[in-house]
Amino acid sequence: MKSFVLLAAFGLTAFAATAQRVNQDYLVTAGGDTLRGRLQIPHKLKTVRLFQGGKSISEFTPVEAVSYGDASGPIGVSKRIGPHGPAQFVAPLVLGYVSLYAGDDTKGDHRYYLQAADSAYVIEVPPATATLVLNRHLGGCATLQLGTEESNRRYRYKYVGMSRLIMDYNACRQPQQASHLMKPSKGWHASYGIKLGINASRFAFSHDPYMGNHSKLIGYQAGASLHLTNKTAFSVQLEATYLSLRSLYEPTPVSNPTVTTSIDYSQLQLPLLLRYTIGHGTVRPYLNTGLSAGVNFKNYSTDLYQYSTQADISIKKPISALGNFSLGAAAGMGIMISRPSMPTLSLEARYDRMLDGFSYVYFTPNHESLRLELGISF
């Protein structure tokens, strides 16, 4: 109960802080209109899709859109490659007297692009001939000494090196004109949530299978989640969940002694899940799968031995097969309901398979659970 109260308080605090936040993407068309909705980038800056509630999906090419981005800043802008080349979406890295962009060429290789002062197009900087291209377009600043061993070390063909080069060049040529170092936006968005639910589990903590009736198998779980989404259908979810795992296996009447097995312990489970979401409407189905680790504690599990003799002896023994740590896998499916400016609700069914000890040579304690969970994220 204490866990539920703490999680509820956490949820109310997060809701108060984030309920008014609107996480809508934007796209500026070639005609100058700004459209808002949810973006998906299916082909690495080649095209971009815009999903708007109640409207059909719109796909834009670099000819049809000027730029697009989200609350963290621009993700892509449309630039012509060369004076007569095609338009392409590239990511802004430095804006100033000379600007720097990054993108993929026609073969899908990562490249950097320069836009000189007053130029309407960008120039590709291939890694094989980078020094030649840079010397041709970044003249008039002897302090850079392009092509020397020192400059090659300082200005490597990487994000840090190329950004530093353009910032230094602009400061040399046009010190009165400020240059802006743009933080590359990958379109990632983090949402936080809480989850509550119930579970039904089966256990194998003995060499011999439990033959008696299986009852009192319902436990519960509560936890927090971190959901990382980008502009694709795939996302990553991290969770920290407290589970109460319970089961009762009644004895078979023909044995002597009869054994009643009571499973009752707690687990802190830390799954890492890959999620695939279908669609971008208000109601979105999803699938997820991944690996999970667990820490086991509060083990009250026992075997009750009852001997049918004149004295009717009963002996209760703790179950020691359970280890301190668990490893396993999880998979599930669910639906989430998402509206702008509102928390996202979810209902999920999940299957867990966990190995609960590693000290036995011929037998590994394990359990499997079916879980049903309600979630809310912000």
Side-chain angles (χ1 to χ4, degrees), residues 28 30 41-48 60-69 72-188 230-232:
V28 180
I41 308 170
H43 304 296
K44 276 194 174 183
L45 300 179
K46 302 300 181 183
T47 60
V48 60
F60 295 84
T61 67
V63 176
E64 299 167 320
V66 174
S67 64
Y68 60 90
S72 63
I75 297 175
V77 296
S78 177
K79 294 292 181 180
R80 196 166 71 248
I81 310 300
H84 306 293
Q88 178 179 318
F89 286 130
V90 290
L93 302 181
V94 177
L95 299 181
Y97 174 68
V98 171
S99 297
L100 178 69
Y101 300 88
D104 296 325
D105 63 12
T106 55
K107 296 180 180 180
D109 296 326
H110 189 70
R111 294 289 185 263
Y112 293 98
Y113 301 88
L114 298 178
Q115 184 173 17
D118 301 325
S119 176
Y121 57 86
V122 297
I123 301 296
E124 181 181 347
V125 183
T129 58
T131 300
L132 179 63
V133 174
L134 293 173
N135 271 307
R136 182 184 304 162
H137 296 280
L138 300 181
C141 185
T143 57
L144 294 181
Q145 297 181 338
L146 294 176
T148 64
E149 183 177 347
E150 173 62 21
S151 69
N152 291 339
R153 182 193 62 80
R154 180 175 174 80
Y155 304 125
R156 296 181 185 274
Y157 195 82
K158 301 289 184 181
Y159 164 71
V160 173
M162 293 297 292
S163 299
R164 180 185 294 160
L165 170 62
I166 302 306
M167 293 290 288
D168 289 351
Y169 178 78
N170 288 346
C172 174
R173 289 298 308 272
Q174 295 290 332
Q176 73 280 5
Q177 180 179 342
S179 295
H180 300 281
L181 182 64
M182 309 294 290
K183 182 179 179 180
S185 176
K186 302 297 184 181
W188 286 97
N230 58 12
K231 304 305 180 187
T232 71

Which residues pass the salt bridge (charged side-chain N to carboxylate O under 4.0 Å, His left out) test with Arg154, not counting sequence neighbours?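 If we apply the salt bridge (charged side-chain N to carboxylate O under 4.0 Å, His left out) test to Arg154, skipping adjacent residues, the hits are Asp168.
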Return the set of residues passing salt bridge (charged side-chain N to carboxylate O under 4.0 Å, His left out) with Glu150 (not counting sequence neighbours), or none when no residue passes.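 Checked Glu150 against salt bridge (charged side-chain N to carboxylate O under 4.0 Å, His left out); matches are Arg153.
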Rounded distance [0.5 Å steps], [atom1] in [X] versus [atom2] in [Y]:
X: Asn170; Y: Leu138; atom1: CG; atom2: CG; result: 8.5 Å
X: Met167; Y: Met162; atom1: CE; atom2: CE; result: 14.0 Å
X: His137; Y: Leu114; atom1: NE2; atom2: CG; result: 7.0 Å

Minimum side-chain heavy-atom gap Pro74-Pro92 below 4.5 Å: yes
Closest heavy-atom contact between [X] and [Y]?
X: Ala65; Y: Phe60; value: CB-CB, 4.0 Å
X: Val90; Y: Gly103; value: CG1-CA, 4.4 Å
X: Gly96; Y: Ser179; value: CA-OG, 4.0 Å
X: Thr232; Y: Ile41; value: CG2-O, 4.1 Å
X: Arg173; Y: Gly139; value: NH1-O, 2.8 Å
X: Val98; Y: Ala116; value: CG2-CA, 4.3 Å

Distance-only, no hydrogens or angles: does the Arg80 side chain make a donor-acceptor pair with backbone N or O of Pro83 under 3.5 Å?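 Confirmed, Arg80 side chain pairs with Pro83 backbone.
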With a 3.5 Å distance limit and no angle check, can you tell me whether Arg164 reaches the backbone of Arg156 through a side-chain donor-acceptor pair?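 Absent.
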Gln145: partners by side-chain contact (heavy atoms from CB on, under 4.5 Å), with sequence neighbours left out: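 In terms of side-chain contact (heavy atoms from CB on, under 4.5 Å), with neighbours along the sequence ignored, Gln145 is linked to Thr148.
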Sorted by chain and residue number, the side-chain contact (heavy atoms from CB on, under 4.5 Å) partners of Ser163 (sequence neighbours excluded) come out as Leu93, Val94, Leu100, Tyr159, Leu181
Pairs flagged by side-chain hydrogen bond (donor to acceptor under 3.5 Å, both in side chains) wherever residues 91-103 is involved - sequence neighbours left out: Tyr101-Gln115
Atom pairs and distances, side-chain donor-acceptor, residues 117-134, under 3.5 Å, sequence neighbours left out:
residue: Ser119; atom: OG; partner: Tyr121; partner atom: N; Å: 3.3
residue: Ser119; atom: OG; partner: Tyr121; partner atom: O; Å: 3.0
residue: Glu124; atom: OE2; partner: Arg111; partner atom: NE; Å: 3.4

Set out, in order, the CA-CA distance, both residues' side-chain angles and the distance that settles side chain to side chain contact (heavy atoms under 4.5 Å, CB included) for Glu149 and Asn152, then state yes or no. CA-CA 5 Å; Glu149 183 177 347; Asn152 291 339; 5.6 Å; no
For a ring pair (Phe, Tyr, Trp, His ring centres under 6.0 Å) check, start with the C-alpha distance between Tyr68 and Phe89, then their side-chain angles and the critical distance, and finish with the verdict. CA-CA 9 Å; Tyr68 60 90; Phe89 286 130; 5.1 Å; yes
Let's go through Leu144 and Cys172 carefully: what are the C-alpha distance in whole Å and the side-chain angles of both, what is the deciding distance for side chain to side chain contact (heavy atoms under 4.5 Å, CB included) to 0.1 Å, and is it a yes or a no? CA-CA 9 Å; Leu144 294 181; Cys172 174; 5.7 Å; no
